[in-house]
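Below is one structure, written out as structure tokens, with a few remarks after it.
Reminder, nothing fancy here: chain letters follow the sequence lines and each chain counts from 1.
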Amino acid sequence: MNFSKTITYWYSENKRDFPWRKTKNPYFIWLSEIILQQTQVKQGLPYYEAFVSTFPTVFDLAKAPEQDVLKLWQGLGYYSRARNLHFTAKHIVSELNGVFPNTYSDIIKLKGVGDYTASAIASIAFNEPAAVVDGNVYRILSRFFDINTPINSTKGIKEFKVLASTLIDKEAPAIFNQAIMDFGSRQCKPKNPNCNICPLNNSCLALKKNKIQALPVKLKKVKVTQKYFNFLVCIDSNNNVLFEQRVKKGIWQNLYQFPLIETEKSISVDEFHLLKVKTYLLKDIDFDYSLYNKTDKIHKLSHQHLHTKFWIIETKALPKEAIPFSKLKSYPTPVLISNFINEFNF
DNA sequence: AAGTCGGGGCT
DNA sequence: AGCCCAGACTT
């Protein structure tokens, strides 16, 4: 039995029952694919359920304020996905008459949709034989065919896409694409795959050459930069607090946080004056301050390690843009901030 | 072609 | 600690 037939047969015996596998509605397929970008099913599943429930149609998503979309996305990371999702929903409603595009070439024009996602939607929702190449597919193909081209090089991206395109079952692209990804996540796993029970173990070149652990080949690794964040939790005697939106480009764009001052290194209580709170934030306002966490809270992102301090600043009155404690949890925030809000117990 | 963008899970 | 995850976008 050849590669593709083996994968498809394995899937028929082992497929899992996910909610997005019960529908051909392109809106739901799109939603699931955006949520699952760089995200494991276990983490994305509850978000999919919440989005389908809150926004049953593309019209519901389009008419929602961005803040509501980001709030529902809170905790999932890569927030540009949520912003692009919302932008595209509005685009489909206002420019495409609410009708989801039905070909790969039209789907890939949507913001937030690249080659993988366009292929997934076109194949699953419209049965177009467009091959998906995600992390699972890179791993399976590089191992089975012993391909050493780095999967994140320009050459590798083209090479694996061409190969996947020759392998896809043109009669059943929806099943094949989901099958090969499922096979990758559960059988041909990154670490310690159980090749003894693999239906492809008699023809897998990496297994034959003992190169399972060495494949796929991946270029470079992101170097992690250290950053030092000082959040200023400014509260007044009437239970109000300063809270602001991150409008600049960078991490957590459009999410909310306490006023932030970044420093070159971790500062001590004695060095609080370096933050120049009196100059930049609370002009002519008297306040008392204290440090909430004695040791830096380290929040790890994929490319940054954030060493964070929460400074509690108490004053009689704050600028009028301060919000009441009771409204804090209605804003979309990074996990770091929502964790603090829950812990501090305003 | 290289950097940026989250958070959680696994080893 | 390092790598991975149903990647896409920007520079």
Side-chain angles (χ1 to χ4, degrees), chain A residues 11 16 18 20-21 29-48 70 73-85 87-88 107-124 130-140 150-158 160-161 164 174 176-186 188-193 213-225 227 246 248-255 298-306 332-339:
Chain A
Y11 186 63
R16 289 173 292 177
F18 296 129
W20 49 85
R21 289 183 172 164
I29 303 298
W30 168 60
L31 209 46
S32 72
E33 293 300 342
I34 301 298
I35 287 172
L36 293 174
Q37 285 170 6
Q38 291 291 286
T39 302
Q40 300 195 165
V41 168
K42 187 187 302 179
Q43 186 185 7
L45 183 54
Y47 286 84
Y48 175 82
L70 286 173
W73 198 273
Q74 177 176 303
L76 198 53
Y78 285 150
Y79 296 94
S80 64
R81 290 184 294 169
R83 299 193 303 271
N84 289 337
L85 183 80
F87 176 94
T88 294
I107 296 169
I108 202 171
K109 294 174 184 169
L110 302 174
K111 187 173 291 189
V113 173
D115 178 78
Y116 163 76
T117 304
S119 300
I121 299 172
S123 61
I124 296 170
V132 294
V133 185
D134 72 334
N136 295 304
V137 177
Y138 281 122
R139 189 168 56 254
I140 295 169
I151 61 173
N152 55 346
S153 65
T154 303
K155 183 168 180 284
I157 292 170
K158 284 184 60 176
F160 283 96
K161 177 71 178 184
F176 176 82
N177 275 345
Q178 294 180 84
I180 193 171
M181 291 189 286
D182 230 21
F183 186 85
S185 66
R186 300 176 61 208
C188 198
K189 297 184 296 184
K191 303 290 183 185
N192 306 318
Q213 300 294 340
L215 291 171
V217 175
K218 202 169 181 179
L219 285 177
K220 70 188 172 207
K221 30 210 163 270
V222 289
K223 71 172 177 206
V224 177
T225 62
K227 291 198 167 188
R246 293 178 65 93
K248 290 185 298 189
K249 292 171 63 175
I251 61 170
W252 303 330
Q253 187 182 0
N254 290 8
L255 274 60
I298 300 180
H299 187 73
K300 295 182 177 180
L301 308 181
S302 51
H303 59 303
Q304 297 178 12
H305 285 185
L306 310 178
T333 71
V335 165
L336 174 64
I337 300 300
S338 57
N339 283 349

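- Rounded to an integer number of Å, the gap from A/L215 CG to C/dC3 P is 16 Å.
- Taking atom C1' in both C/dC9 and B/dG8, the straight-line distance is 23 Å, to the nearest Å.
- Of the two residues contacting DNA chain B, namely A/H303 and A/K220, the nearest-nucleotide position lying further toward the 5' end is that of A/K220.
- Atoms CD1 and CG, on A/I35 and A/L76 in that order, are 7.0 Å from each other to the nearest 0.5 Å.
- Considering only side-chain atoms of A/P190, the nucleotide from C/dC4, B/dG6, C/dA6 that sits closest is C/dC4.
- When the nucleotides C/dG7, B/dG6, C/dA1 are ranked by their closest atom to the side chain of A/I251, B/dG6 comes out on top.
- A/R21 contributes a side-chain N or O that forms a donor-acceptor pair with the base of C/dA6 under 3.5 Å.
- Atom CG of A/L219 is separated from atom P of C/dC4 by 12 Å (rounded to the nearest Å).
- One atom, CD of A/Q40, and another, P of C/dG7, lie 10 Å apart when rounded to the nearest Å.
- If you check the side chains of A/Y116 and A/Q37, you find no donor sitting under 3.5 Å from an acceptor.
- Residue A/G184 is out of contact with every strand shown, counting any heavy-atom pair closer than 4.0 Å.
- Checking side-chain atoms of A/N84 against main-chain N and O of A/S80 turns up a donor-acceptor pair under 3.5 Å.
- Summarising the geometry, the separation between OH on A/Y79 and C1' on B/dG8 is reported as 12 Å, rounded to the nearest angstrom.
- With distances taken from any side-chain atom of A/Q38 to the nucleotides C/dC5, B/dC10, C/dA6, the minimum falls on C/dC5.
- Using a 4.0 Å heavy-atom cutoff across all strands shown, A/V132 reaches no nucleic acid atom at all.
- Between the side chain of A/S302 and the base of B/dG6, a donor-acceptor pair under 3.5 Å is found.
- A/Q38 places none of its side-chain heavy atoms less than 4.5 Å from the side chain of A/R81.
- Between A/N84 and A/V41, the one whose closest nucleotide on DNA chain C sits nearer the 5' end is A/V41.
- Atoms CD and OG1, from A/Q74 and A/T333 in turn, are 4.0 Å apart once rounded to the nearest 0.5 Å.
- If you take CG of A/L36 and P of B/dG8, they are 16 Å apart, rounded to a whole angstrom.
- A/N192 comes within contact range of the sugar-phosphate backbone alone, with a heavy-atom separation under 4.0 Å but no base atom that close.
- Across all strands shown, A/S32 has no heavy atoms under 4.0 Å from either base or sugar-phosphate atoms.
- For the atom pair CG of A/N136 and CD1 of A/I180, the computed distance is 9.0 Å after rounding to the nearest 0.5 Å.
- For the pair A/S153 and A/Q37, both in contact range of DNA chain B, the more 5′-proximal nearest nucleotide belongs to A/S153.
- In this structure, CG of A/L306 is placed 10 Å from P of B/dG6, rounded to the nearest angstrom.
- In this structure, A/L31 atom CG and C/dA6 atom P are separated by 17 Å, rounded to whole Å.
- Counting non-hydrogen atoms under 4.0 angstrom, A/G75 reaches the backbone sugars and phosphates but no base.
- For the C1' atoms, the distance from C/dA6 to B/dG3 is 23 Å, rounded to whole Å.
- The side-chain heavy atoms of A/E33 and A/D134, taken from C-beta on, include no pair separated by under 4.5 Å.
- When the P atom is used for both C/dT11 and B/dG6, the distance is 15 Å, rounded to whole Å.
- The distance between atom CD1 of A/I34 and atom P of B/dG6, rounded to the nearest whole Å, is 15 Å.
- Within the 4.0 Å cut-off from OP1 or OP2 of B/dC10, at least one side-chain nitrogen or oxygen of A/K42 is found.
- The side chain of A/H299 places an N or O atom within less than 4.0 Å of a non-bridging phosphate oxygen (OP1 or OP2) of B/dG7.
- One donor-acceptor pair, N or O on each side, does fall under 3.5 Å between the base of B/dG6 and the side chain of A/T39.
- Taking only side-chain atoms of A/Y78, from C-beta outward, the nucleotide of B/dG6, B/dA2, C/dC9 with the closest atom is B/dG6.
- When distances run from any side-chain atom of A/R139 to the nucleotides B/dG8, C/dA1, C/dC4, the shortest one goes to C/dC4.
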Stepwise side chain to side chain contact (heavy atoms under 4.5 Å, CB included) check, A/I337 with A/N339: CA-CA 5 Å; A/I337 300 300; A/N339 283 349; over 6 Å; no
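- In the set B/dC5, C/dG7, C/dC9, the nucleotide with an atom closest to the side chain of A/Q304 is B/dC5.
- No contact: A/W73 has no heavy atom under 4.0 Å from any strand.
- The side chain of A/D134 lies closest to C/dG7, out of C/dT10, C/dG7, C/dC4.
- At a threshold of 4.0 angstrom between heavy atoms, the contacts of A/L76 include nucleobase atoms, whether or not backbone atoms are also involved.
- Within the nucleic acid shown, A/Q178 has no heavy atom closer than 4.0 Å to any nucleic acid atom.
- Remark: A/K249 is not in phosphate contact with B/dC5, judged by side-chain N or O atoms under 4.0 Å from OP1 or OP2.
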